[in-house]
Amino acid sequence: MMELKQGAATPGCGPALARIVQASWKERGTSLVQALAVCAIAWYAGRPGWLCLFAAFLAVCLCGVGALALVRWLGHGKAQWLWAWLALAAGLLAGACAGYAVARGLAHQLDIVTVDGARLFGSLLAFGLLVLALPLAYAQRQHRALHLLHLEQAALAAELKSLQAQVEPHFLYNTLANTRYLARHDPPQAVRMLDHLIAYLRTSLPDLRTPMSTLGREFELAEHYLALMRIRFGERLVLDVACSEALQCAPVPPLMLMSLVENAVRHGVEPKPGEVTVRVSAMAAGGCLVMTVADNGAGLADTVLGNGVGLRNVRQRLAALYGGSASVALRVTERGWTESVLVLPFDGVLP
């Protein structure tokens with residue numbers, strides 16, 4: 001497990017302190033009006049003792065807030081929580097002492113009897129803990145939760161990049177070998193294969209560095225790949241790739257559709273002699289984007305149905321990106337076609 005220093009484990013508390021100690025001019029004005037109202041009520045009610053206690057409580061607040069503000073100012077937004085708590089403890093003790101002195105001084109001036117010393121000092125400390133320590137504890141807890149969320153998001157992003165980097169064109173070596181063979185025996189076909197390979201790589205390589213692609217881009221990538229396979233397998237590979245123009249800007253994770261297309265070629269076209277049709281389609285239905293790759297090739301044995309590396313990669317990426325709201329499934333239709341169905345949440349709103 002990665003070991004973090006205090007500054008990394010719990011980042012600066014400056015923003016949290018700012019929310020506690022800072023106030024707008026409107027808030028300051030409101031507080032002043034409330035303080036004057038309390039003083040007026042105490043005076044006209046004939047309760048001068050209230051004024052003593054109010055002044056003492058105000059001294060505690062000012063000392064506590066001043067201590068936190070000092071930590072924030074000295075830390076320039078990167079102050080640590082330990083210093084904030086130490087400063088608050090010192091500020092509350094100083095505030096309790098100051099409040100005690102203020103209350104006793106006012107009581108002497110007004111010639112009244114106030115709370116005894118121990119009870120007064122304890123009440124002032126309790127008040128400071130209630131109005132400043134509890135908000136600071138809540139802010140620290142919220143800050144740590146937000147920091148953990150950021151760490152989880154960073155770990156998730158790293159995991160997604162790792163999974164995405166595993167999506168490599170397995171056919172690359174075969175394509176290059178076929179190109180070398182065609183260069184000797186059928187140069188025009190070799191040129192066509194190189195053109196499609198260059199187009200495929202130009203389309204796919206940027207996707208390895210981006211978190212999202214578009215449906216139109218993924219279909220273009222599938223078309224380049226299948227065109228390469230058409231050169232490799234010849235007339236026995238029949239293609240049917242169709243994407244509605246209205247859905248081409250729909251956001252989708254990169255190279256997921258390609259994994260399904262590669263599976264169809266590897267498990268459907270390669271093992272079966274004779275003509276094989278591969279169909280790639282997409283539709284929006286029920287708040288979902290449904291992409292289907294179907295072939296009438298060799299099919300899949302029950303022992304390996306859905307357990308390939310490519311599909312496992314797709315499932316892991318879907319779980320990381322969408323949780324349980326997305327899925328991929330393999331099924332065999334009544335007509336004997338093998339279908340890979342990728343379902344993503346889709347609100348119908350296109351960028």
Side-chain angles (χ1 to χ4, degrees), residues 164 166-182 186 188-208 213-245 247-248 250 252-283 289-300 308-311 313-314 328 330-333 335-342 344:
Q164 197 162 300
Q166 297 173 16
V167 185
E168 298 174 353
H170 300 90
F171 67 96
L172 184 57
Y173 294 116
N174 288 334
T175 302
L176 293 175
N178 290 335
T179 303
R180 183 176 63 179
Y181 174 83
L182 291 174
D186 191 350
Q189 282 285 73
V191 172
R192 286 184 57 208
M193 180 168 280
L194 281 176
D195 288 341
H196 284 296
L197 179 60
I198 291 171
Y200 175 89
L201 293 175
R202 184 182 294 117
T203 305
S204 65
L205 289 180
D207 284 342
L208 292 173
S213 179
T214 63
L215 188 62
R217 186 183 182 90
E218 295 305 297
F219 264 77
E220 180 185 358
L221 186 61
E223 288 177 339
H224 289 312
Y225 170 79
L226 290 173
L228 282 168
M229 295 301 101
R230 181 71 182 275
I231 297 174
R232 176 183 171 188
F233 293 108
E235 296 299 324
R236 76 182 191 89
L237 176 58
V238 180
L239 306 178
D240 183 4
V241 181
C243 176
S244 169
E245 185 175 351
L247 296 176
Q248 288 190 3
V252 296
L255 304 179
M256 282 193 182
L257 181 64
M258 267 304 308
S259 295
L260 304 185
V261 174
E262 288 182 21
N263 269 353
V265 172
R266 185 177 303 111
H267 299 292
V269 180
E270 288 184 1
K272 182 179 178 180
E275 184 178 289
V276 178
T277 299
V278 175
R279 293 176 179 169
V280 186
S281 60
M283 61 179 293
L289 185 63
V290 182
M291 290 163 278
T292 304
V293 180
D295 70 85
N296 61 347
L300 296 174
V309 175
L311 284 175
N313 181 287
V314 170
V328 61
L330 264 68
R331 64 193 182 198
V332 179
T333 68
R335 298 175 55 192
W337 285 65
T338 301
E339 290 185 345
S340 304
V341 183
L342 177 62
L344 304 178

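All values below were derived from every heavy atom in this structure, side-chain atoms included, with hydrogens, water molecules and symmetry-related copies excluded.
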At what distance, to the nearest 0.5 angstrom, does [atom1] of [X] lie from [atom2] of [Y]?
{"X": "N296", "Y": "K272", "atom1": "CG", "atom2": "NZ", "result": "5.0 Å"}
{"X": "Q189", "Y": "R232", "atom1": "CD", "atom2": "CZ", "result": "14.5 Å"}
{"X": "T338", "Y": "H267", "atom1": "OG1", "atom2": "NE2", "result": "10.5 Å"}
{"X": "I231", "Y": "D195", "atom1": "CD1", "atom2": "CG", "result": "8.5 Å"}
{"X": "L197", "Y": "R192", "atom1": "CG", "atom2": "CZ", "result": "13.5 Å"}
{"X": "T277", "Y": "D240", "atom1": "OG1", "atom2": "CG", "result": "8.0 Å"}

Smallest separation among heavy atoms of [X] and [Y], with atom names:
{"X": "H224", "Y": "A199", "result": "CE1-CB, 3.4 Å"}
{"X": "P273", "Y": "P271", "result": "CD-O, 3.5 Å"}
{"X": "L226", "Y": "L237", "result": "O-CD2, 4.1 Å"}
{"X": "S259", "Y": "V314", "result": "CB-CG2, 3.8 Å"}
{"X": "L215", "Y": "A282", "result": "CD2-CB, 3.7 Å"}
{"X": "A242", "Y": "F219", "result": "O-CE2, 3.3 Å"}

Taking the side chain as everything from C-beta on, heavy atoms only, tell me whether [X] gets closer than 4.5 Å to [Y].
{"X": "M229", "Y": "V269", "result": "no"}
{"X": "V261", "Y": "S340", "result": "no"}
{"X": "Q248", "Y": "C243", "result": "yes"}
{"X": "L247", "Y": "L289", "result": "yes"}
{"X": "M291", "Y": "V252", "result": "yes"}
{"X": "M193", "Y": "L228", "result": "yes"}
{"X": "V278", "Y": "V238", "result": "no"}

Taking only residues two or more places apart in sequence, or in another chain, which ones meet [X] in a side-chain contact (heavy atoms from CB on, under 4.5 Å)?
{"X": "T292", "answer": "S281, V290, E339, V341"}
{"X": "R180", "answer": "R184"}
{"X": "E223", "answer": "V241"}

Who passes salt bridge (charged side-chain N to carboxylate O under 4.0 Å, His left out) against [X], sequence neighbours left out?
{"X": "R230", "result": "E235"}
{"X": "D186", "result": "none"}
{"X": "E275", "result": "none"}

task: Dump the intermediate steps for side chain to side chain contact (heavy atoms under 4.5 Å, CB included) on F233 and V265, then the final yes or no.
output: CA-CA 10 Å; F233 293 108; V265 172; 3.8 Å; yes
- prompt: Going through the distances and angles, do R279 and V293 end up as a side chain to side chain contact (heavy atoms under 4.5 Å, CB included)?
  reply: CA-CA 6 Å; R279 293 176 179 169; V293 180; over 6 Å; no
- prompt: Is it true that a side-chain atom of E218 and a backbone atom of L255 form a donor plus acceptor pair closer than 3.5 Å?
  reply: yes
message: Between T333 (side chain only) and W337 (backbone N and O only), is there a donor and an acceptor less than 3.5 Å apart?
response: yes
- prompt: Can E262 and R266 be said to form a salt bridge (charged side-chain N to carboxylate O under 4.0 Å, His left out), step by step?
  reply: CA-CA 6 Å; E262 288 182 21; R266 185 177 303 111; 3.7 Å; yes
